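Lettering follows sequence order; numbering is per chain, from 1. Quantities reported herein were computed from a predicted structural model and do not represent experimental measurements.
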Amino acid sequence: MTLRLHSTLTGQAEPVQPDADGVIGIYACGPTVYSRIHIGNARPFVVFSVLKRYLERRGHRARLVINVTDVNDKIYDAARAEGIPSTDLAERCTRQYIDDTDLLGLGRPDAEPLVTGCMDDIIALIADLVERDLAYAAGGDVYFRVRAFPGYGRLSRRDPDDMVDTDPGDLKEDPLDFALWKGVKEGEDVSWESPWGPGRPGWHIECSAMAERELGMGFSVHGGGIDLVFPHHENEIAQSEGAHDAPFARIWMHNEMLELSDSKMSKSIGNIALLADVVQRWGADVVIAYFMQSHYRSRLPFSDERLQDAEAACRRIRNAARALDKALMDPGDSVDAALAAAVVQARTRFVDSMDDDFGTPGAMAAIFELVRAINQSLERGRPAEGQLQEVRLELSALLDMLGLARLMDAGADDAVPDEVLDLVRRREQARADRDFAGADALRDAILAQGYELRDGPDGPEVIPTP
RNA sequence: GGCGACCUGGCGAAGUGGGAACGCAUCGGUCUGCAAAACCGACAUGAACCGGUUCGACUCCGGUGGUCGCCUCCA
């Protein structure tokens, strides 16, 4: 079985097929850089990064492109409010976006084109559309002639005749038409030369141009947040397919929104939590696990409680990894058949879930079932070293497919500071003296230093609290 | 007003026309000086509500109620 993804275009699960060059091309719409990104913006970044990861781990070649919109009205507005050039603001926010997403440790996309770096492609595409009468110049602007593109509305299942309250504009032939090029206006501090005069691209044309440039027409997966279906992706289809009479993207994959107290998290509502703050507080693994425990097409509540759950889930996995490492220091010589079976079953369930529309919750469940099997086995005895290695490798491989392999780094107690080790020694002495009140106080002192103590048959274990 | 989605245990969250995963939380037990971790056990005779189809529905169809999203910048 191969990976199938629900496509917004067909409403059904469609098999993911490589492009003509054997590579699975994935384009996801990235942020507009006028402020730091919030945890909701991070969802598509995580989803599409893990999608690429999963495909690669399954032996496919994949190319992920996530653009950066660095020319936009909001950028002009924000820069004006700060009293700095809009290009400075865009550059700063682009750097912050890179820094913030780097905190997740999921790697970078293969390409992250900037709108400002694709101006020639954009102008050429607009010129094509004008040439084909799918677009027209008016004043210093250029508009797409929506009624001239017959498939308009297919992606969002919308009839152009049903659309109301559309901005009539002064220069449009039809209120439905949307801007491909906007002539420079008073107060805008950057513009580019074009056959229609100085100006800048409209919001939608950039993605058509960048996707075509990076992946060609007819690539595998185009995605982003579900709020982009209309008008952004609808317009991209109109632009690209209008210009080339060829299919643009085969599968349209959209992630649902995060919600905060029953409404979506949105910069315009103001109920946001910055990605950097969330990662700073909880750690990258917890944030990734938080996303992976829910399906990308489900709305996901964002709250401390949800993050706490994810943290507890990470702790459980880390504990099992630590138990494996401990067992490996003193392995047995038998093979645990039940454990061996659990390993096979976990892989099967994991892959089945993932291949069925990127079912990361089922994949996480498969990992937890393996974790339980590991704990049960170690409760029964000590499997042989070879089997322990094999189990460790498999757990690590499954976690890695979700970007969670760091949970295997259980944090050996070799880096424990001397003062903590000293506290441990004093506590052992207190216990030997049956001074349990003193021992408990010392344990609290150790915890305050960031280390958890677990007494076992082989003496106390010192474990860093993440 | 138009279009669409969703409604599963305390909180989250999957899958499925015929045994309701998984995580967290809670309760009891094992282990421990006590904890922690781990293990064992308990925890929705029922899936918003009402009808229908079916031998059989949480799963399909229809209706009611509720929640949310898009239609304008938005991941």
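- When the C1' atom of B/rA35 is taken as reference, atom CZ of A/R427 falls 8 Å away, rounded to whole Å.
- The base of B/rA37 has none of its N or O atoms less than 3.5 Å from a complementary donor or acceptor on the side chain of A/R315.
- Remark: the A/S240 side chain and the A/E236 side chain contain no N/O donor-acceptor pair separated by less than 3.5 Å.
- Proximity of A/Q308 to the phosphate of B/rA25: no side-chain N or O atom is located under 4.0 Å from OP1 or OP2.
- With sequence neighbours excluded, the residues that form a side chain to side chain contact (heavy atoms under 4.5 Å, CB included) with A/R145 are A/D133, A/Y136, A/A148, A/E173.
- Counting to the nearest Å, the C1' atom of B/rA75 and the CG atom of A/D227 are 5 Å from each other.
- Interface remark: the A/R443 side chain does not form any donor-acceptor pair with the B/rA36 base, using a distance-only criterion of under 3.5 Å.
- Between the side chain of A/R158 and the base of B/rG69, no donor-acceptor pair of N or O atoms lies under 3.5 Å.
- With hydrogens and angles ignored, no donor-acceptor pair closer than 3.5 Å exists between the side chain of A/R316 and the base of B/rC24.
- Residue A/M292 contributes atom CE, which lies 15 Å from atom C1' of B/rC22 at whole-angstrom precision.
- Residue contacts shown for A/L378 are absent, as no nucleic acid heavy atom lies under 4.0 Å away.
- Between the P atom of B/rA5 and the CG atom of A/L300 lies a distance of 21 Å, rounded to the nearest Å.
- Checking the phosphate oxygens (OP1, OP2) of B/rA38, no side-chain nitrogen or oxygen of A/N375 falls inside 4.0 Å.
- Between the base of B/rG33 and the side chain of A/R431 there is a donor-acceptor pair shorter than 3.5 Å.
- Regarding A/E259, its CD atom lies at a distance of 14 Å from the C1' atom of B/rA75, rounded to whole Å.
- Scanning atom types as modelled, one donor and one acceptor separated by under 3.5 angstrom connect the side chain of A/D440 and the base of B/rG33.
- Residues satisfying the salt bridge (charged side-chain N to carboxylate O under 4.0 Å, His left out) criterion with A/D440, sequence neighbours excluded, are A/R443.
- RNA chain B forms stems at B:1-7 with B:65-71, B:10-12 with B:22-24, B:26-30 with B:38-42, B:48-52 with B:60-64, each a run of 3 or more consecutive Watson-Crick or G-U wobble pairs whose two key distances fall under 3.5 Å.
- For A/D309 against B/rG12, a side-chain-to-base donor-acceptor contact under 3.5 Å is absent.
- Not a single donor-acceptor pair, N or O on each side, falls under 3.5 Å between the base of B/rC3 and the side chain of A/D159.
- The one candidate from A/W252, A/Y152, A/Y27, A/F248 that meets the ring pair (Phe, Tyr, Trp, His ring centres under 6.0 Å) condition with A/H233 is A/W252.
- For the pair A/D73 and A/E188, the minimum side-chain heavy-atom distance is below 4.5 Å.
- In this structure, A/E256 reaches the bases: a heavy-atom distance under 4.0 Å links it to at least one base atom across the strands shown.
- Spacing between atom CZ of A/R380 and atom C1' of B/rA38 amounts to 13 Å, rounded to whole angstrom units.
- A/S298 has a side-chain polar atom (N or O) that falls below the 4.0 Å cut-off from OP1 or OP2 of B/rA14.
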